[in-house]
Colleague: 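Mind having a look at this structure? Questions to follow.
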Amino acid sequence: MSVEAFRIVGGKKIEGTLKVEGSKNASLPIFIATLIEKGVYVLKNVPSLMDIRTLIKLLESLGLTIEKLDENSYKIINDGIKNIEASYELVKKMRASFLVMGPMLANGGKAKVSLPGGCAIGARPVDLHLKGFEALGAKISIDHGYVQGEVEKGYLQGSKIILDFPSVGASENIIIAAVKAKGKTVIENIAREPEITDLCNFLNKMGAKISGMGTGRLEIEGVEKLIPCEYSIMPDRIVAGTFIIASIMFNGTIKIDGVEPECLESFLVKLSEMGLQYEFDSNGLFIVKSKIEDMTGTKVTTMPYPGFPTDLQSPLMTLMCLVNGTSEIKETIFENRFMHVPELNRMGANIIVEKNIAIIKGIKEFSAAKVMASDLRAGAALVLAALKSDGETIVNRIYHIDRGYESLEVRLRAVGGNISRIKEEI
Ligand code: UD1
């Protein structure tokens, strides 16, 4: 069997501007939220990614009509949900598909959604989503791998919900469910990620009454009707972070368009601790002013927002390999998110993992090797390492990378990277 891989010849000077695309993790819930009200929507600045194509198939299977207007814009026509079942075949491909449960219940009807199952980085249950739906008055049962939800009264009832953990997905699912509930919903310990604020801004543009975004306590005053609208998705902070690391590795020869520093504070603070100096130029481009040779290791613990994002843990680890001294990363969000470590070690890194802590000792250079992407962000970490390796690296199983980075090889080639897409036998 053959799969697609990147062939990357490291050491080439990379120079130019990289533009950050729209956020994947904001696009997914916003696309799904269009299930909530009949009408015509236009979404702009949507990244061109496998996950978006997977989601479009799922939404079409539920009855929506989706038209691509240009590379990054879509028209979504909702003339009623025609199928209440989100199948295992579609949900297993992408966990975020489980978010269709919220808007389907908000419509006062029934929903049958496959349990997403585990994934490479951990078990990832949906118990918090279900507790939230039950608090809003839905009847939930699990049978044969599917979650069935029913709203007997025909509408959800506003309620007070305290999340045991600020799960991003559970927060989004419950918010979408609650915007049309009767009365007021208060959600405490809600996730504060910027993508959730983007979802709330979209829903508020449609006439929802959500307040408290970014504070950990959200109040939602239920409304009867929403008005479909046009909306432009926020830039992707994880792609921005990945590009910033690439720029640091090449001593600032790459400028980055579309960095929103307020969404990346914990990341930028850690980089500053390591010795990063940066500025925005007169065109708003992010420019690295420091040299990697002058940077040193630090300690990072992944946390819910505004803490350090787990999605930037693996790209940061690649950088930590190349700075002076020792670094430490403690992963607290997902139990199995160090799968890039053996691959980076194959490329000459010096990383030891003890339970959820990785200790990274600085090396001079990565050595080119054949490696395998185990998940999306792990894949990004390997591409970064390959760009700074001493020869030809093959990064296999890049379908993971295609889930979250728009045409990465095309964009890196445009700034001088020696990277091509090839077929590899596995
Ligand atoms: C989202 C992001 C993902 C990011 C993650 C954490 C999307 C599409 N994905 O994933 O890129 O890495 O946030 O920032 O936005 N949990 C439970 N019960 C639940 C739900 C979650 O125990 O009902 C646990 C999970 O197993 C995990 C932790 O909570 O250990 C965080 O998960 P969550 O915040 O829900 O992440 P996702 O929404 O899946």
Side-chain angles (χ1 to χ4, degrees), residues 22-33 46-47 49-52 54-55 58 91-102 113 115-135 140 142 147 161-177 187 189-199 216 233-234 236-239 241-242 263-264 266-267 301-316 330-340 356 375-381 400-401 403-405:
S23 160
K24 168 178 92 72
N25 288 354
S27 297
L28 296 173
I30 290 175
F31 253 90
I32 288 174
V46 178
L49 298 173
M50 191 57 82
D51 271 9
I52 300 294
T54 304
L55 181 66
L58 173 65
V91 176
K92 76 170 181 200
K93 285 193 184 152
M94 192 182 57
R95 196 188 140 75
S97 308
F98 194 72
L99 297 181
V100 299
M101 193 106 201
V113 182
L115 280 167
C119 74
I121 59 173
R124 300 177 96 172
V126 288
D127 54 318
L128 302 173
H129 302 232
L130 303 185
K131 273 195 202 166
F133 296 145
E134 280 174 335
I140 300 291
I142 300 181
V147 178
I161 297 166
I162 305 176
L163 288 174
D164 294 337
F165 177 84
S167 149
V168 173
S171 299
E172 292 165 346
N173 228 339
I174 298 167
I175 291 168
I176 303 171
I187 315 169
N189 199 26
I190 190 139
R192 296 156 66 180
E193 269 69 3
E195 294 77 14
I196 295 184
T197 301
D198 211 33
L199 168 68
I233 309 284
M234 67 178 281
D236 196 306
R237 68 193 164 102
I238 307 300
V239 172
T242 308
C263 298
L264 277 168
S266 58
F267 174 71
T301 301
T302 62
M303 301 279 267
Y305 192 86
F308 190 93
T310 172
D311 286 353
L312 281 173
Q313 174 257 104
S314 37
L316 180 71
K330 185 172 178 186
E331 171 60 57
T332 71
I333 307 294
F334 293 114
E335 65 268 34
N336 198 12
R337 216 168 194 189
F338 283 144
M339 284 181 306
H340 47 286
N356 65 338
D375 73 62
L376 165 54
R377 309 300 171 190
H400 288 297
I401 301 172
R403 288 189 50 195
Y405 292 86

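The analysis underlying the following values was restricted to heavy atoms, covering all of them including side chains, and did not include hydrogens, waters or symmetry mates. In each ligand, atom 1 is the first atom listed, and ligand 1 is the first ligand listed.
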Colleague: Using side chain to side chain donor-acceptor pair (under 3.5 Å), reason through Y405 and R377 one step at a time and then give a plain yes or no.
Modeller: CA-CA 9 Å; Y405 292 86; R377 309 300 171 190; 3.2 Å; yes
Colleague: Can you check whether F334's main-chain N or O pairs, donor with acceptor, with E331's side chain at less than 3.5 Å?
Modeller: yes
Colleague: Looking only at distance, does K24 have an N or O less than 3.5 Å from an N or O of ligand 1?
Modeller: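 N/O-N/O distance below 3.5 Å does not exist for this pair.
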Colleague: Distance-only, no hydrogens or angles: does the D198 side chain make a donor-acceptor pair with backbone N or O of M234 under 3.5 Å?
Modeller: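 Looks like yes, one N/O pair under 3.5 Å.
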Colleague: Where is the tightest heavy-atom contact between I233 and S27, given as atom of each residue plus distance?
Modeller: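 That closest heavy-atom pairing would be CG2-OG, 3.5 Å.
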Colleague: Just jot down the ligand 1 atoms closer than 4.0 angstrom to any heavy atom of V126, in number order.
Modeller: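 Counting from 1, the qualifying ligand atoms are 19 (C), 23 (O).
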Colleague: Check S171 against A191 and note the closest heavy-atom contact, atom names and distance.
Modeller: OG-N, 3.0 Å
Colleague: Kindly confirm or rule out an N or O of F334 lying under 3.5 angstrom from an N or O of ligand 1.
Modeller: no
Colleague: Determine, considering heavy atoms only, which of A191, P166, P125, P304 sits nearest to atom 16 (N) of ligand 1.
Modeller: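 Considering heavy atoms of A191, P166, P125, P304, the nearest to atom 16 (N) of ligand 1 sits in P125.
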Colleague: Just which atoms of ligand 1 are under 4.0 Å from any heavy atom in D311?
Modeller: 3 (C), 4 (C), 11 (O), 12 (O)
Colleague: Taking non-hydrogen atoms only, is L130 closer than 4.0 angstrom to ligand 1 via side chain, backbone, both or neither?
Modeller: neither
Colleague: For ligand 1, is any non-hydrogen atom under 4.0 Å from D127's backbone (N, CA, C, O), its side chain (CB onward), both, or neither?
Modeller: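 Both of them.
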Colleague: Can you list the atoms of ligand 1 that are under 4.0 Å from a heavy atom of G169?
Modeller: 35 (O), 38 (O)
Colleague: Would you name the heavy atoms of P116 and V91 that are closest together and state the gap between them?
Modeller: CA-CG1, 3.9 Å
Colleague: Between F165 and ligand 1, which residue portion shows a heavy-atom distance shorter than 4.0 Å: side chain, backbone, both, or neither?
Modeller: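 Contact part for F165 vs ligand 1: side chain (C-beta onward).
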Colleague: With distance as the sole test, does T332 use its side chain to make a donor-acceptor pair with the main-chain N or O of T302 at under 3.5 Å?
Modeller: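 Indeed, once roles are kept as given, a pair shorter than 3.5 Å links the two residues.
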Colleague: Under 4.0 Å, heavy-atom basis, I'd like to know which part of M303 is in contact with ligand 1: side chain, backbone, both or neither.
Modeller: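 It is neither part, as no heavy atom is under 4.0 Å.
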Colleague: What atoms in ligand 1 come closer than 4.0 Å to a heavy atom of H129?
Modeller: 23 (O)
Colleague: Please report the closest heavy-atom contact between L376 and H400, naming both atoms and the distance.
Modeller: CD1-O, 3.3 Å
Colleague: Regarding H129 and N173, do their side chains bring together a donor and an acceptor under 3.5 Å, going by distance alone?
Modeller: yes
Colleague: To the nearest 0.5 Å, tell me how far L115 CG sits from F98 CZ.
Modeller: 6.0 Å
Colleague: In plain terms, say whether E195 and R237 are close enough for a salt bridge, that is, a side-chain N and a carboxylate O under 4.0 Å apart.
Modeller: yes
Colleague: Do any heavy atoms of E331 fall under 4.0 Å from ligand 1?
Modeller: no
Colleague: Counting from 1, what ligand 1 atoms have a heavy atom of R337 closer than 4.0 Å?
Modeller: 12 (O)
Colleague: Taking only heavy atoms of I333 into account, list the atoms of ligand 1 that are under 4.0 Å away from them.
Modeller: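 Listed by number with element, the hits are 27 (C), 28 (C), 30 (O), 31 (C).
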Colleague: Report the part of E172 (side chain from C-beta onward, or backbone N, CA, C, O) that has a heavy atom under 4.0 Å from ligand 1; answer both or neither where that applies.
Modeller: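 Neither part.
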Colleague: Ligand 1 and S167, any nitrogen or oxygen pair closer than 3.5 angstrom?
Modeller: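 Among all N and O atoms of S167, at least one is under 3.5 Å from an N or O of ligand 1.
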Colleague: Using a 4.0 Å cutoff against the non-hydrogen atoms of R95, which atoms of ligand 1 qualify?
Modeller: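 Those atoms are 39 (O).
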Colleague: Can you check whether A96 has an N/O within less than 3.5 Å of an N/O in ligand 1?
Modeller: no
Colleague: Do you see a donor-acceptor pair shorter than 3.5 Å between the side chains of R337 and S314?
Modeller: no
Colleague: At a 4.0 Å threshold, what atoms of ligand 1 neighbour a non-hydrogen atom of T310?
Modeller: 6 (C), 12 (O), 14 (O)
